[in-house]
Amino acid sequence: MRVALFLTCVNDTLYPETGKAVVKLLARLGVEVEFPMGQTCCGQAHYNTGYRHEAEPLARRFAEVFGEYEAVVTPSGSCAAMVRELYPRMGERARAEGRGDSLARTVARVVPRTYELTEFLVDVLGVIDVGAWYPHTVTYHPTCHGLRSLGLGERPRRLLEAVRGLDLVELPGAEECCGFGGTFAVKNAAVSAAMGTDKVRSAESTGAEVLCAADNSCLMHIGGTMTRLKAGMRPVHLAQILASTEEDPAR
């Protein structure tokens, strides 16, 4: 299978190790991974702040860059949700505004082939045990886009439960938002900080060493809160846990 990695803006700029972990993991499972150098932003930031028309060229660019691949895999629930949920909506809106169906036709070929990492592993490859080893106590935070937009359900937990050496503990209030929400954290800073504090206090109560999630934007917010609160744990992306082995362990 010829697969493209869509790394996303946040990961490319701040968390490149997550992308490396995805490639390492998929290669171990026999998947040929390519990284198209022409990839840019998916347009989520533009769309969510009201610049819907400005997001359209980015959607077209995404379809142009990734259109020929069998699957597009991303370690970001929010960006996967942008492609799968909002690209079709953008296309329909353009049609309703009398601007034709060009956008809808352009994005249609990539929408059903774009997967968040855990979806790809479980639904496409049919794999639960990826051969990972991670001897730490971990609690899992289901991010809002993964939980509500993509409906990831138990996929991430099932993958974590199959990791050798990993002790998975339940996070109280797991389905509550961490408070990031992209521009929400900027426009509603006090509320966002309070929600982040609640999430970190809940994570601390588990006694876990690591808080895991499938979206680095949320982990960035939670990790910053952990630093300010001097919490005795660290945020780690799910991909880095699944890529970890005894021969090449992640911390």
Side-chain angles (χ1 to χ4, degrees), residues 2-20 22-23 26 33-120 124 143-152 180-187 213-221 237 239:
R2 183 167 170 259
V3 168
L5 170 63
F6 173 43
L7 186 54
T8 80
C9 301
V10 169
N11 289 323
D12 184 47
T13 306
L14 300 173
Y15 302 102
E17 292 304 317
T18 297
K20 294 176 184 178
V22 174
V23 174
L26 294 181
V33 184
E34 296 184 15
F35 182 81
M37 295 302 292
Q39 62 183 278
T40 59
C41 176
C42 66
Q44 179 185 178
H46 307 67
Y47 188 93
N48 288 349
T49 48
Y51 293 93
R52 179 169 53 85
H53 288 167
E54 288 77 1
E56 290 181 8
L58 293 167
R60 292 182 183 276
R61 177 68 174 176
F62 185 95
E64 174 189 335
V65 170
F66 293 105
E68 302 306 316
Y69 289 91
E70 295 177 71
V72 183
V73 180
T74 180
S76 169
S78 63
C79 293
M82 176 67 189
V83 175
R84 293 245 300 276
E85 184 177 41
L86 298 181
Y87 277 13
R89 189 178 301 178
M90 290 165 64
E92 289 302 318
R93 188 70 176 272
R95 181 185 290 123
E97 291 173 350
R99 294 187 287 118
D101 63 356
S102 172
L103 180 60
R105 287 188 289 103
T106 298
V107 301
R109 57 181 175 171
V110 290
V111 168
R113 285 183 279 166
T114 300
Y115 300 91
E116 184 273 335
L117 175 64
T118 65
E119 287 182 307
F120 183 74
V124 180
T143 63
C144 290
H145 283 94
L147 183 68
R148 298 175 176 86
S149 296
L150 298 177
L152 295 183
F180 177 61
T183 54
F184 176 84
V186 177
K187 295 179 179 178
D215 213 314
N216 270 327
S217 55
C218 296
L219 288 173
M220 176 175 65
H221 179 65
H237 194 284

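Residue numbers count from 1 along this sequence. Nothing here was measured: the structure is a model prediction, and the numbers come from that model.
Across every non-hydrogen atom of L150 and A80, the tightest pair is CD1-CB, 3.9 Å. Closest non-hydrogen pair, F120 versus A71, comes out as CE1-CB, 3.8 Å. The minimum heavy-atom distance between P75 and L117, with the atom names listed, is CA-CB, 4.4 Å. The minimum heavy-atom distance linking F35 with L5 is given by the pair CD1-O, 3.8 Å. Between R113 and G67 the shortest heavy-atom distance is NH2-O, 3.1 Å. The minimum heavy-atom distance linking T106 with A63 is given by the pair O-CB, 3.4 Å.
Note on R60 versus E64: no salt bridge recorded, every NZ/NE/NH1/NH2 to OD/OE distance being 4.0 Å or above. A salt bridge links E92 with R95; the closest basic N to acidic carboxylate O contact falls under 4.0 Å.
Remark: the backbone N or O of M90 is not paired with any side-chain donor or acceptor of E56 at under 3.5 angstrom. Remark: the backbone N or O of P36 is not paired with any side-chain donor or acceptor of E34 at under 3.5 angstrom. Looking only at distances, a side-chain donor or acceptor of T74 sits under 3.5 Å from a matching main-chain atom of F6. A distance-only check finds no donor-acceptor pair linking the side chain of E85 to the backbone of H145 [under 3.5 Å]. Looking at D12, its side chain never comes within 3.5 Å of a backbone N or O of L7 through a donor-acceptor pair. N48 contributes no side-chain N or O that, together with a main-chain N or O of T183, makes up a donor-acceptor pair within less than 3.5 Å.
In this structure, CE on M82 lies 5.5 Å from OH on Y87, to the nearest 0.5 angstrom. Annotation: the span from C9 atom SG to N216 atom CG amounts to 13.0 Å, rounded to 0.5 Å. With values rounded to the nearest 0.5 angstrom, S102 atom OG is found 5.0 Å from R105 atom CZ. Residue N11 holds its CG atom at 11.0 Å from CD of E17, rounded to the nearest 0.5 Å. How far OG1 of T49 is from CD of Q44: 10.0 Å, rounded to the nearest 0.5 Å. T114 contributes atom OG1, which lies 10.0 Å from atom CD of E119 (distance to the nearest 0.5 angstrom).
In this structure E70 satisfies the side chain to side chain donor-acceptor pair (under 3.5 Å) test with no other residue, sequence neighbours excluded.
The side-chain hydrogen bond (donor to acceptor under 3.5 Å, both in side chains) test with H53 is passed by exactly one of H46, E97, R93: E97.
Enclosure of atom OH in Y51 is not indicated, since only 12 or fewer non-hydrogen atoms of other residues, nucleotides or ligands lie within 6.0 angstrom.
A tilted orientation is assigned to the rings of H221 and F180, their planes being inclined by 30° to 60°.
Side-chain contact between R109 and E68 is present, with at least one heavy-atom pair separated by less than 4.5 Å.
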Determine, step by step, whether F62 and V72 satisfy the side chain to side chain contact (heavy atoms under 4.5 Å, CB included) criterion, reporting the C-alpha distance in whole Å, the side-chain angles of both residues, the deciding distance to 0.1 Å, and the verdict.
CA-CA 10 Å; F62 185 95; V72 183; 4.1 Å; yes

